[in-house]
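Just so it is clear, the model here is predicted, and its values are computed rather than measured. Chain identifiers are assigned alphabetically (A, B, ...) following the order of the sequence lines, protein sequences preceding nucleic acid strands; residue numbering begins at 1 within each chain.
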Amino acid sequence: MASSKLSCTMGQKKQRALEAKRHQNPSDGTQMPSPKELHLGPPATLGPTRSIYFSSPEGRPARLGSAFFDQPAVSLARAFLGQQILVRRLDDSTELRGRIVETEAYLGPEDEAAHSRGGRQTPRNRGMFMKPGTLYVYLIYGMYFCMNVSSRGDGACVLLRALEPLGGLEAMRQLRHALRKGAAGRALKDRELCNGPSKLCQALAIDRSFDQRDLARDESVWLEQGPPEPSEPAVVAAARVGIGQAGEWAQKPLRFYIRGSPWVSVVDRAAERDTQTGARACSHKDF
DNA sequence: TAGCCGATCCCCT
DNA sequence: GGGGATCGGCTAA
């Protein structure tokens with residue numbers, strides 16, 4: 001991404017604000033599809049060859065099939081970033097779309113921070129043990145939902161933490177607004193719509209009724225391959241958020257996000273420095 | 001802008 | 001009965 005170069009000379013917050021503005025108001029000549037264009041059908045640019053991951057013979061050529069999800073959690077968490085677009089079709093056929101920019105990997109029984117630690121399998125976390133691509137949606141703090149996608153490996157999954165909203169932003173804003181405490185408050189900025197695991201669930205109207213659904217087959221929620229980026233996004237590997245009790249597992253760099261993205265929920269400058277100097281190098285060898 | 005803290009209730013032990 | 005993969009309002013610097 002061109003923005004990674006900018007980050008050397010510009011403060012990150014400023015850069016993020018500029019990026020957000022550019023996405024909303026492209027003035028650099030780059031053609032950004034309008035939300036309406038994004039709303040309609042699959043992306044126009046699918047590339048010359050069809051990946052084996054693509055399924056659905058009729059209609060939705062860009063939808064990702066079961067094979068895509070059948071990879072280890074770390075690998076899947078990284079594969080989600082940048083080019084995968086989460087689509088949610090509401091009952092009135094409105095389609096909400098967002099590009100995945102931040103994920104966390106939970107590795108299964110050995111991972112002290114995972115709900116499946118020690119091999120625990122309960123009615124709540126059953127989705128973690130189901131076939132790759134199964135959703136695990138649970139209630140947290142009595143008020144919010146979090147959305148995971150199971151990966152290869154028993155009890156392993158990927159938490160979706162943030163999206164870059166691409167289509168249906170007004171519907172997202174309404175959904176978020178309706179669920180906030182001070183519902184009479186100010187309108188949410190675009191970057192506040194999906195920059196957190198529960199925020200994105202609110203914005204996409206994802207609740208527990210989505211638990212254990214198959215992301216490769218469901219009619220209301222699926223994943224699409226987005227238009228190709230000019231270059232691979234720079235990915236930062238950082239410690240996961242909100243798992244202070246998990247000992248050494250709390251420190252492992254199992255959270256992944258796109259460097260410089262204004263849509264990410266939590267920025268970790270130390271991890272970004274490590275990644276830049278190669279000290280952490282975003283390598284799977286860490287695990 | 002960063003840090004603190006209350007809200008809220010299900011799930012697990 | 002206690003804790004939690006969060007969020008947002010408030011306050012201080």
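- A:R208 comes within 4.0 angstrom of sugar-phosphate atoms only, judged by non-hydrogen atoms across all strands, and of no base.
- Between the CG atom of A:N125 and the P atom of B:dC10 there is a distance of 18 Å, given to the nearest Å.
- Counted by atom type alone, A:Q202 and A:R176 present one or more donor-acceptor pairs between their side chains at under 3.5 Å.
- The two residues A:W263 and A:A162 come nearest to each other via the heavy atoms O-CB, 3.4 Å.
- Protein atom OH of A:Y138 is 13 Å distant from nucleotide atom C1' of C:dG3, rounded to whole Å.
- A donor-acceptor pair under 3.5 Å links the side-chain atoms of A:Y257 to the main chain of A:D268, judged by distance alone.
- Nearest to the side chain of A:I140, among B:dT8, C:dG4, C:dG8, sits C:dG4.
- Checking C:dA5, C:dG8, B:dC10 against the side-chain heavy atoms of A:L139 singles out B:dC10 as nearest.
- Using a cutoff of 4.0 Å between basic side-chain nitrogens and carboxylate oxygens, A:R173 and A:D190 are scored as salt-bridged.
- Taking atom CD of residue A:E192 and atom P of nucleotide C:dC7, one finds them 12 Å apart after rounding to whole Å.
- Here the P atom of nucleotide C:dG4 and the NE2 atom of A:H115 are 10 Å apart, to the nearest Å.
- Contact record, A:F129 with A:S116: CZ-CB, 3.6 Å, taken as the closest heavy-atom pair.
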message = Before you tell me yes or no, could you show the steps for A:Q84 and A:E224 under side-chain hydrogen bond (donor to acceptor under 3.5 Å, both in side chains), namely the whole-Å CA-CA distance, both residues' side-chain angles and the distance that decides it to 0.1 Å?
response = CA-CA 6 Å; A:Q84 312 308 339; A:E224 287 180 3; over 6 Å; no
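- Per the geometry, CG belonging to A:L135 stands 19 Å off P belonging to C:dA5, to the nearest Å.
- A:R89 and A:S220 are not linked by any side-chain donor-acceptor pair at a separation below 3.5 angstrom, with hydrogens and angles left out of the test.
- Map A:Y141 and A:R120 each onto its nearest nucleotide of DNA chain B; the residue landing nearer the 5' end is A:Y141.
- Within 4.0 Å (heavy atoms only), A:M147 reaches no atom of the nucleic acid at all.
- Taking only side-chain nitrogens and oxygens, A:R176 never comes nearer than 4.0 Å to OP1 or OP2 of C:dC7.
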request  = State the dot-bracket string of DNA chain C. Criteria: Watson-Crick or G-U wobble, both atom distances under 3.5 angstrom; notation: ( ) intrastrand, [ ] crossing earlier pairs, | interstrand, . unpaired.
outcome  = ||||.|||||||.
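- Atom CG in A:L160 sits about 12 Å away from atom C1' in C:dA5, given to the nearest Å.
- Computed from coordinates, the A:R117 CZ to B:dT13 C1' distance equals 11 Å when rounded to whole Å.
- The stretch residues 148-159 of chain A has no heavy atom under 4.0 angstrom from DNA chain B at all.
- Atom NZ of A:K199 and atom C1' of C:dA5 are 15 Å apart (whole Å).
- By the neighbour-count criterion of 12 heavy atoms within 6.0 Å, atom CZ of A:R124 is densely surrounded, having more than that number from other residues, nucleotides or ligands.
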task = Could you check A:Y106 against A:H115 for ring pair (Phe, Tyr, Trp, His ring centres under 6.0 Å), going step by step and ending with a plain yes or no?
result = CA-CA 9 Å; A:Y106 289 85; A:H115 290 171; 7.4 Å; no
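- Residue whose closest nucleotide on DNA chain B sits further toward the 5' end, between A:T122 and A:G142: A:G142.
- Closest to the side chain of A:R161, out of B:dA2, C:dA5, B:dC11, is C:dA5.
- A:T134 and A:Q212 form no side-chain donor-acceptor contact under 3.5 Å, judged by distance and modelled atom types alone.
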